[in-house]
Number of protein chains: 2
Amino acid sequence: MKYLANPRLSNFTHLQAMLIKPYPSWELPELPHATHTTAQEYAYERLRFAIMVGGVPPGAALTIRGVADALSLSSTPVRETLRRLCAEGALFSQSNRRIITPPMTTARHQELISTRVALEQLAVRRAARFITENDLEILTNIDLQMDQAIVQQNYIQLVILNQQFHSTLYALNPEQVCLPMIESVWLQLGPFNRLAAERAGQLTLEDQHKNLLTALRKRDTEAASQAVEADIRDAADQASAAQ
Amino acid sequence: MKYLANPRLSNFTHLQAMLIKPYPSWELPELPHATHTTAQEYAYERLRFAIMVGGVPPGAALTIRGVADALSLSSTPVRETLRRLCAEGALFSQSNRRIITPPMTTARHQELISTRVALEQLAVRRAARFITENDLEILTNIDLQMDQAIVQQNYIQLVILNQQFHSTLYALNPEQVCLPMIESVWLQLGPFNRLAAERAGQLTLEDQHKNLLTALRKRDTEAASQAVEADIRDAADQASAAQ
DNA sequence: TTCCAACCAATGTGATCACATTGTTGCTAA
DNA sequence: TTAGCAACAATGTGATCACATTGGTTGGAA
């Protein structure tokens, strides 16, 4: 089940194929197959998720044939998936036409965190005025689920719920311009998050969500914006401390 | 030279094919063919440019076969190009698998402007510390060329130079995270810019570049950030006033 | 031993075709 | 007249193959 490039060519070690095969070791609910209308979408969801949770090591080279074989697809939908992920910043297309995951550096990490703060502060400011009591209830519910995931030390579930929390909030704005960009940043931060979760013992990033919810209930946009920044910086500090 | 969908299916009128054919009426230097190593890249550059300068009307449906015929290519590279542009926000993939240019609304325009301000302010702040005297000279030179383009009422050239000015500045930061996102916003603003240029008689957005250059020379990051915002808002106001 | 060129394997690219899906038209029957 | 269905046209999707490019290996000459 090899899907990375020939190691002789890419000089990177093989990756355990667990993220390309169905996700047994990740305790992940299999996505219902009916949601994937096309093979390309299926391949995209699989690869995107793998990258999002840091399942593909930085600098690894992906090959079209390799991924196609791993997913039992032909090369056409896989090629489109890889290009799409390149356009989203999740992968990087080298000049020699090889597609790799972006290398990981601290400078790049800082750049990504700054961008994430700028975009998410903007998003929360522009979404706050649309929020209803019902929305607050939904967000509170997600936050409670996150508490459970922390207790269970379920990292994958925590990452998913955290992103669900943020994107649910930002998506209250009917004109969605920055959410795709925020998701692009999340994708690029995937390897860093993974590193943080692997090396850090504790998972403690729920407090700022409580602050954020309090601010949103008071319709205090400024406090909400500050809580978003604090939440992001907390998570980033955790990743840095883990190194 | 039809490249839009069958009007019966898309209920949009045909577009003059001038932006898909070589750009005679746009007074554009033909891009040297050597720069396009692959057919996909060629198709991408062509379509991207057409969208960037507002050459494709909002809501128009593009078909794979249509674009492929117009560019004398097979469908494979065109399909990848269309998906890539969808991922960049320049196009929108409907649920019925039809690919259209995003519709134009004032709410969306405001959202794009806000995002542009947030991203470009961040970019200039993080690029300013890297600037050298040589860079300042290059930027001043581009600004002078813009003055010429304004005198010549050459809208296309002005758009290109304006983006060149901004991206040259932001690219001084070696870790490039937000420049692709900024370019995505530019792509999405293409139709609006076009509208502004068509309906507005005057082209007056160079003053803020002078302010920005002054601030950069003084290494005054805060003033530079404000000049960037003023520049963007000026251009946006022009587009709004044109409606 | 070192270097280079020829060769081979791995991989990306693009064209083409068959098929699935979607949209339109027009005819039939209530 | 109009709802509904059948036929057809337009388009998207995916598999496959030939070819180009790239990376690595090997063997011989300096």
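Proteins come first, then strands; the chains are lettered A, B, ... in the order of their sequence lines, and each starts at number 1. Given the structure is predicted, the values throughout are model-derived calculations rather than measurements.
- With a 6.0 Å radius and a threshold of 12 heavy atoms from other residues, nucleotides or ligands, A/Gln94 has its CD atom above the threshold.
- When the nucleotides C/dG12, D/dT13, D/dT11 are ranked by their closest atom to the side chain of A/Thr63, C/dG12 comes out on top.
- Atom-to-atom, CZ of B/Phe92 to P of D/dG12 comes out at 15 Å; the value is rounded to the nearest Å.
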Evaluate side chain to side chain donor-acceptor pair (under 3.5 Å) for A/Gln110 paired with A/Ser114, printing each intermediate quantity in order. CA-CA 6 Å; A/Gln110 288 171 6; A/Ser114 299; over 6 Å; no
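- If you measure from atom CD of A/Gln94 to atom P of C/dG12, you get 11 Å, rounded to the nearest angstrom.
- Looking at which nucleotide of DNA chain D each of A/Ser95 and B/Ser75 is closest to, the 5′-most match is held by B/Ser75.
- Rounded to a whole Å, the OH atom of A/Tyr44 is 18 Å from the C1' atom of D/dT13.
- Atoms CG and CZ, on A/Leu82 and B/Arg83 in that order, are 12.5 Å from each other to the nearest 0.5 Å.
- Rounded to whole Å, the distance from CG on A/Leu73 to P on D/dA15 is 6 Å.
- Note on A/Arg48 versus A/Glu183: salt bridge recorded, some NZ/NE/NH1/NH2 to OD/OE distance being below 4.0 Å.
- Map A/Gln40 and A/Arg97 each onto its nearest nucleotide of DNA chain D; the residue landing nearer the 5' end is A/Gln40.
- Here B/Asn96 reaches the OP1 or OP2 of C/dG23: one of its side-chain N or O atoms lies under 4.0 Å away.
- Between B/Asp69 atom CG and D/dT11 atom P there is a gap of 10 Å when expressed in whole angstrom units.
- Between the side chain of A/Arg98 and the base of C/dG12, no donor-acceptor pair under 3.5 Å is found.
- Distances shorter than 4.0 Å separate some side-chain N or O of A/Ser74 from OP1 or OP2 on D/dA15.
- Atom CD1 in A/Ile64 sits about 14 Å away from atom C1' in D/dT16, given to the nearest Å.
- No salt bridge links B/Glu175 with A/Arg108; every basic N to acidic carboxylate O contact stays at or beyond 4.0 Å.
- Computed from coordinates, the A/Arg65 CZ to C/dA9 P distance equals 14 Å when rounded to whole Å.
- We find that CD1 of B/Ile99 is positioned 11 Å from C1' of D/dT11, with the value rounded to whole Å.
- For A/Arg79 against C/dG14, a side-chain N or O and a base N or O form a donor-acceptor pair under 3.5 Å.
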